[in-house]
> 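Encoded as structure tokens, here's the structure I'll be asking about.
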Amino acid sequence: YKMHVRVLLSRYRAYTPCTTCHGTRLKAESLLWRVEDLTVHEMMLMPADRLRDLFATLVLPAPFDEATSMLAGEIRSRLAFLCQVGLGYLTLDRQSRTLSGGEVQRINLTTALGTSLVNTLFVLDEPSIGLHPRDMGRVIDVMKRLRDAGNTLVVVEHDPQIMLEADKLLDMG
């Protein structure tokens with residue numbers, strides 16, 4: 001019954017861009033800032049690997065302070081982490097509901113790397129879902145870095161490449 005009502009109501013529901021921000025989901029003041037002649041929204045529309053390359057070559061002019069340099073460094077490292085786990089093709093404006101389960105888990109891995117967590121238990125459910133085989137080694141390297149930093153990872157996985165890299169393997173079934 002609930003499904004029937006939901007389908008009925010979906011006819012009257014639509015996504016309409018905001019007339020103020022035109023779908024950018026940013027305040028007008030935010031769109032005044034530019035980096036290399038690109039607005040924040042234009043940068044969010046770029047794939048993470050292109051954005052990483054842009055920030056890698058970015059040189060801040062002299063009046064910027066230490067906090068701005070730290071912010072640029074943090075942006076560089078987060079973009080590098082996204083590319084390391086095979087998500088360089090994603091744009092930053094992508095809605096989370098459109099991501100696969102594996103993409104969400106790999107984004108969470110980049111968050112963990114960026115915060116330098118230690119003594120933390122990570123439980124990953126098939127982080128290789130939707131991952132291109134050439135990027136499998138990158139995800140394995142990221143998981144090893146988390147382990148080497150003093151964390152514990154429990155990974156539910158069916159991919160033999162990831163299973164062979166495990167310190168301990170438990171087969172259930």
Side-chain angles (χ1 to χ4, degrees), residues 15-118 120 122 124-149 151 153 155 157 159 161-162 165:
Y15 292 101
T16 5
C18 171
T19 55
T20 305
C21 71
H22 305 289
T24 65
R25 299 184 307 244
L26 298 169
K27 291 182 179 181
E29 297 84 13
S30 301
L31 297 172
L32 297 175
W33 289 90
R34 294 187 172 272
V35 174
E36 299 286 318
D37 291 327
L38 296 169
T39 65
V40 172
H41 181 64
E42 291 167 336
M43 287 186 286
M44 289 172 53
L45 295 174
M46 294 172 67
D49 53 4
R50 282 191 43 220
L51 198 53
R52 177 201 57 201
D53 296 343
L54 173 79
F55 272 88
T57 60
L58 180 67
V59 178
L60 296 173
F64 284 103
D65 59 7
E66 186 180 337
T68 307
S69 296
M70 288 175 58
L71 176 62
E74 187 66 24
I75 290 170
R76 286 182 185 110
S77 69
R78 295 294 174 112
L79 289 169
F81 291 149
L82 278 174
C83 294
Q84 282 174 8
V85 295
L87 296 175
Y89 61 90
L90 287 180
T91 59
L92 300 182
D93 75 325
R94 177 103 173 251
Q95 293 183 14
S96 60
R97 64 184 175 85
T98 67
L99 299 172
S100 74
E103 288 171 332
V104 170
Q105 287 191 64
R106 290 194 301 277
I107 288 172
N108 290 337
L109 279 177
T110 65
T111 302
L113 279 173
T115 57
S116 304
L117 289 172
V118 294
T120 303
F122 292 92
L124 305 173
D125 183 16
E126 296 192 73
S128 65
I129 289 179
L131 185 63
H132 193 282
R134 73 166 182 262
D135 295 322
M136 198 70 71
R138 293 182 191 178
V139 171
I140 291 168
D141 289 343
V142 168
M143 288 192 286
K144 284 183 176 180
R145 282 177 47 197
L146 283 170
R147 178 206 58 200
D148 294 344
N151 298 298
L153 281 81
V155 182
E157 186 59 72
D159 187 280
Q161 193 175 353
I162 291 182
E165 295 291 334

> To the nearest 0.5 angstrom, please state how far the CG atom of N108 sits from the OG1 atom of T110.
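Nearest 0.5 Å value for the CG-OG1 distance: 7.5 Å.
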
> Contact between F55 and R78 at the side-chain level, heavy atoms closer than 4.5 Å - yes or no?
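F55 vs R78: side chains apart.
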
> To the nearest 0.5 Å, tell me how far M136 CE sits from D159 CG.
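Taking CE in M136 and CG in D159, the distance rounds to 4.0 Å.
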
> Please report the shortest heavy-atom distance between L90 and R94, naming the atom on each side.
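Taking L90 first and R94 second, the nearest heavy atoms are CD2-NH1, 2.9 Å.
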
> Assess whether side-chain contact (heavy atoms from CB on, under 4.5 Å) is satisfied between R145 and Q84, documenting all intermediate values.
CA-CA 12 Å; R145 282 177 47 197; Q84 282 174 8; 2.9 Å; yes

> Please find the pair of heavy atoms, one from T39 and one from L31, that lie closest to each other, and give the distance.
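Answer, listing the atom of T39 first, then L31: CG2-O, 3.6 Å.
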
> Just verifying a value: how many Å separate Q105 CD and I129 CD1, rounded to the nearest 0.5 Å?
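Here the interatomic distance stands at 7.0 Å.
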
> So, taking the atom named CG in L146 and the one named CG in L153, what distance separates them when rounded to the nearest 0.5 Å?
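L146 CG to L153 CG: 5.5 Å, rounded to 0.5 Å.
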
> List the atom of C83, the atom of R138, and the distance in Å for their closest heavy-atom pair.
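Closest approach of C83 to R138: O-NH1, 2.8 Å.
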
> With side-chain contact (heavy atoms from CB on, under 4.5 Å) as the test, would you mind laying out the steps for D37 and E42 before giving the verdict?
CA-CA 9 Å; D37 291 327; E42 291 167 336; over 6 Å; no

> When you measure from the side chain of R52 to the backbone N and O of G88, does any donor-acceptor pair fall under 3.5 Å?
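Judged by distance alone, no pair lies under 3.5 Å.
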
> Which heavy atom of M143 sits nearest to which heavy atom of L124, and what is that distance?
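Closest heavy-atom pair between M143 and L124: SD-CD1, 3.8 Å.
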
> Measuring from I162:CD1 to E126:CD, what's the distance to the nearest 0.5 Å?
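Reported to 0.5 Å precision, the distance equals 9.5 Å.
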
> List the atom pairs, donor and acceptor, that lie under 3.5 Å between side-chain atoms in residues 43-51 and the rest of the protein, sequence neighbours left out.
none

> Grab the two heavy atoms, one from E157 and one from P127, that are nearest each other, plus how far apart they are.
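Nearest pair, atom of E157 first, then P127: OE1-CD, 3.2 Å.
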
> How long is the straight-line distance from CG of L26 back to NE2 of H41, given to the nearest 0.5 Å?
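Going from the NE2 atom of H41 to the CG atom of L26 covers 7.5 Å.
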
